[in-house]
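Below, chain A is the first sequence line, B the second, and so on; all start at residue 1.
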Amino acid sequence: MQTLNLQVNGETHELSVDVRTTLLDALRQHLHLNGTKKGCDHGQCGACTVLVNGKRINSCLTLAVMHDGDEITTIEGLGGSDTLSPMQKAFVKHDGFQCGYCTPGQICSATAMLDEIKEGWPSYVSVSLVGEPELTSDEIAERMSGNLCRCSAYPNIVDAIIEVGDKS
Amino acid sequence: MKSFDYQRAETVEQATTVAAGKNASFIAGGTNLLDLMKLEVLSPDVVVDINRLDLNAIEQTDDGGLRIGALVPNSKLAADARVRQHYAVLSRALLSGASGQLRNKATTGGNLLQRTRCYYFYDTASPCNKRSPGTGCSALQGQNRLHAIIGASEHCIATHPSDMAVAMQALRATVEIEQTDGHRRQVPLQDFYCLPGTTPQRENQLESGELITAVHLPAPVEDSYQAYRKVRDRASYAFALTSVAAVTQIRSGTFSHVGLSFGGIAPRPWRDTEVEAMLLGQTPSRQLFEKAADRLLEEAQGHGGNDFKIPLLKRTLVAVLSEAANFGGDA
Ligand SMILES: Cc1cc2nc3c(=O)[nH]c(=O)nc-3n(C[C@H](O)[C@H](O)[C@H](O)COP(=O)(O)OP(=O)(O)OC[C@H]3O[C@@H](n4cnc5c(N)ncnc54)[C@H](O)[C@@H]3O)c2cc1C
Ligand code: SF4
Ligand code: FES
Ligand code: FES
């Protein structure tokens, strides 16, 4: 067992975990934050996406003990039922889901992805590597390809993201 | 996952000392190691966390190149202004790999050392010489769509899956290694990986406990065409079936620099200096490109499921060189 501190959604938690515990399992099983989902557990689906120090990652492929002192934001930290974030609202408005299983990961990923665009990060489909990235549906599809949706709500997910991206 | 002793290294010396002589693995991003540990393909006794080491910088070197720390995340490297401007092939290759989330975690060192995606390597119920030496190679007579057409042996036909390493090799990068005696050595990337031969379990020049500290890129090639063309089963978030990294320069109508590297086709990022020499000093033409591709593929051998890679790689190389010949503006 190993003890560590996680700053999750603004609150500090001291945890004692088996060293094998992934960040995903620490969030779900130790902190009972069940918004973050486990799909594949192997980095292939994106359902477990959370923000670590502002950057999106797959929480299933990292150990909790590697994140001692880190700031974690989960879907619960982006907003609750009465305090939906702009991205959460846009997903509701555009019907960006069916079963909803991939949705927390999609929303965390999309939120951080827009910050990457703001920082000027290019993508594989960007025509120029040095210009300002554009917010086209091709760009969003490429940048969000790490989030699979078994219900294939992709067109509505893209619409939701474009709306939030255009506003900010 | 089997349990292990978790050690967090605070210094490079500590990391190499703790790992030397043991069944130990360094953990950087963890995106490949943990994937394999969950399946018990790998079960290290000791996991040495290197994330607190000071290896996170991209620095200009005295010879006008770049030194990329082993812990620099793939996303940060792809977005670095100097890399985008002068080493576009590397940005493109990184951006073609994995997903946004994975690139935020995946590191320079970990990406170089990621293991093959051969299905049988992942399946502990199947014979596999790389995972369990001496048990045989299931891919030879089995599913081998992802597998090598060049450089393989009858003991293993797995490919190295990295896109980043292919681009770095086209840029003629070197790997900086911390030895367990505290000294550092540099190995050209093209000599870093081993071919499988009779020992497919040995994949590179690292000895027990040795740590990659950085990758060095030489000064950029001026006015160069740079491209990373990746062919895969879906448009994004898939490994390469074949890929071509190119860094070329044309002066007075002939090739004055040719750096080519190939992915998805061999046990390591593939380079063929004879092919480069055939092109150097020559006037670009489709006929020349086809001759070069034929030379590259002279000894290529399919295994059934991957036969398609032979014509595919030829077409990919000819397409990239044709673009290089017409190159005018920036990448
Ligand atoms: C779903 C999925 C899709 C992917 N798609 C692609 C793709 O299209 N293209 C591609 O190129 N890659 C792809 N990858 C692989 C990804 O790029 C690698 O997992 C990643 O680069 C590994 O880096 P890491 O820092 O997480 O390594 P880790 O998992 O931490 O380590 C990998 C290995 O390197 C060793 N190691 C790490 N750092 C050092 C060091 N400094 N010195 C010595 N040893 C070290 C570790 O001990 C371990 O053996 C994909 C991965 C997943 C899960
Ligand atoms: S190709 Fe290599 S990794 Fe795959 S089964 Fe054969 S020996 Fe194992
Ligand atoms: S559960 Fe982490 S990527 Fe699928
Ligand atoms: S809404 Fe069902 S998986 Fe995406």
Side-chain angles (χ1 to χ4, degrees), chain A residues 1-2 4 17-23 40-46 48-70 105 108-110 112-113 116 119-131 133 138 141-148, chain B residues 1-8 27-39 47 49-52 73 75-76 78-81 83-106 122 163 226 228 230 234-238 329-331:
Chain A
M1 299 293 267
Q2 184 99 12
L4 68 141
V17 298
D18 182 305
V19 289
R20 290 172 284 187
T21 312
T22 59
L23 180 59
C40 63
D41 214 20
H42 285 278
Q44 299 174 358
C45 75
C48 65
T49 304
V50 300
L51 278 55
V52 173
N53 304 328
K55 298 274 186 285
R56 53 177 172 158
I57 68 155
N58 302 112
S59 59
C60 69
L61 281 190
T62 191
L63 297 173
V65 289
M66 292 159 65
H67 293 283
D68 194 8
D70 281 349
C108 285
S109 186
M113 184 274 288
E116 294 171 3
E119 282 182 45
W121 287 15
S123 87
Y124 187 64
V125 301
S126 302
V127 179
S128 162
L129 285 176
V130 288
D138 277 358
E142 167 59 28
R143 291 169 190 266
M144 292 292 294
S145 70
N147 290 87
L148 306 191
Chain B
M1 197 189 301
K2 299 243 169 72
S3 198
F4 51 83
D5 177 20
Y6 173 79
Q7 301 271 348
R8 193 177 289 152
I27 191 162
T31 61
N32 190 230
L33 183 67
L34 290 172
D35 194 3
L36 293 165
M37 284 174 65
K38 286 182 183 193
L39 298 167
V47 170
D49 185 348
I50 58 173
N51 283 289
R52 311 274 154 137
S75 54
K76 175 175 160 181
D80 184 273
V83 176
R84 283 151 69 179
Q85 185 124 39
H86 301 299
Y87 305 98
V89 63
L90 179 56
S91 271
R92 289 276 181 211
L94 285 161
L95 293 170
S96 80
S99 67
Q101 290 96 313
L102 287 160
R103 292 193 294 271
N104 278 335
K105 265 261 143 195
Y122 266 74
D163 293 297
Q226 297 194 19
Y228 188 72
K230 178 171 175 177
R234 55 183 187 205
S236 186
Y237 204 19
D330 77 336

Reported CD1-to-CZ distance for the pair A/Ile57 and B/Arg103, which is rounded to 0.5 angstrom:
14.5 Å
State, with a plain yes or no, whether a side-chain heavy atom of A/Asn147 is found less than 4.5 Å away from one of B/Gln101.
yes
From OG (A/Ser145) to CZ (B/Arg234), nearest 0.5 Å:
8.0 Å
Between B/Leu33, B/Ile27, B/Asp5, which has the largest tally of heavy atom pairs under 4.5 Å with chain A?
B/Ile27
Would you give the length of the straight line joining atom CG of A/Asp41 to atom CG of B/Leu39, rounded to the nearest 0.5 angstrom?
9.5 Å
Structural part of A/Ser123 lying under 4.5 Å from a heavy atom of chain B
backbone
Working to the nearest 0.5 angstrom, can you tell me the gap between A/Asp68 CG and B/Arg8 CZ?
5.0 Å
For A/Tyr124 and B/Ser236, what are the C-alpha separation, side-chain angles and deciding distance, and is it a side-chain contact (heavy atoms from CB on, under 4.5 Å)?
CA-CA 9 Å; A/Tyr124 187 64; B/Ser236 186; over 6 Å; no
A/Leu148 portion near chain B, given a 4.5 angstrom heavy-atom threshold
side chain
Filter on salt bridge (Lys or Arg N to Asp or Glu O under 4.0 Å), then keep only pairs touching residues 55-64 of chain A, sequence neighbours left out; what's left?
A/Lys55-A/Glu119, A/Arg56-A/Glu116
Of the backbone (N, CA, C, O) and the side chain (C-beta and beyond), which part of B/Lys2 lies under 4.5 Å from a heavy atom of chain A, both, or neither?
backbone
Checking side-chain contact (heavy atoms from CB on, under 4.5 Å) for the pair B/Thr31/A/Asn58: CA distance, chi angles, key distance, verdict?
CA-CA 9 Å; B/Thr31 61; A/Asn58 302 112; 5.9 Å; no
Answer with side chain, backbone, both or neither: which region of B/Asn51 has an atom nearer than 4.5 Å to a non-hydrogen atom of chain A?
side chain
If one checks every heavy atom of B/Arg52 against chain A at 4.5 Å, the contacting part turns out to be side chain
Hey, what do you get for OG (B/Ser99) to CZ (A/Arg143), rounding to the nearest 0.5 Å?
13.0 Å
Partners meeting side chain to side chain contact (heavy atoms under 4.5 Å, CB included) with A/Pro122 (sequence neighbours left out)
A/Ser126, A/Leu129, B/Ala79, B/Arg84, B/Leu95
Working for side-chain contact (heavy atoms from CB on, under 4.5 Å), residues B/Leu102 and A/Leu61
CA-CA 9 Å; B/Leu102 287 160; A/Leu61 281 190; 4.1 Å; yes
Is B/Ala28 close to chain A through its backbone or its side chain, or both, or neither, when contacts mean heavy atoms under 4.5 Å?
backbone
Are any side-chain N or O atoms of B/Tyr237 and backbone N or O atoms of A/Gln44, one a donor and one an acceptor, separated by less than 3.5 Å?
yes
Do A/Arg20 and B/Tyr6 pass the side-chain contact (heavy atoms from CB on, under 4.5 Å) test, and can you show the C-alpha distance, the side-chain angles, and the key distance before you say yes or no?
CA-CA 9 Å; A/Arg20 290 172 284 187; B/Tyr6 173 79; over 6 Å; no
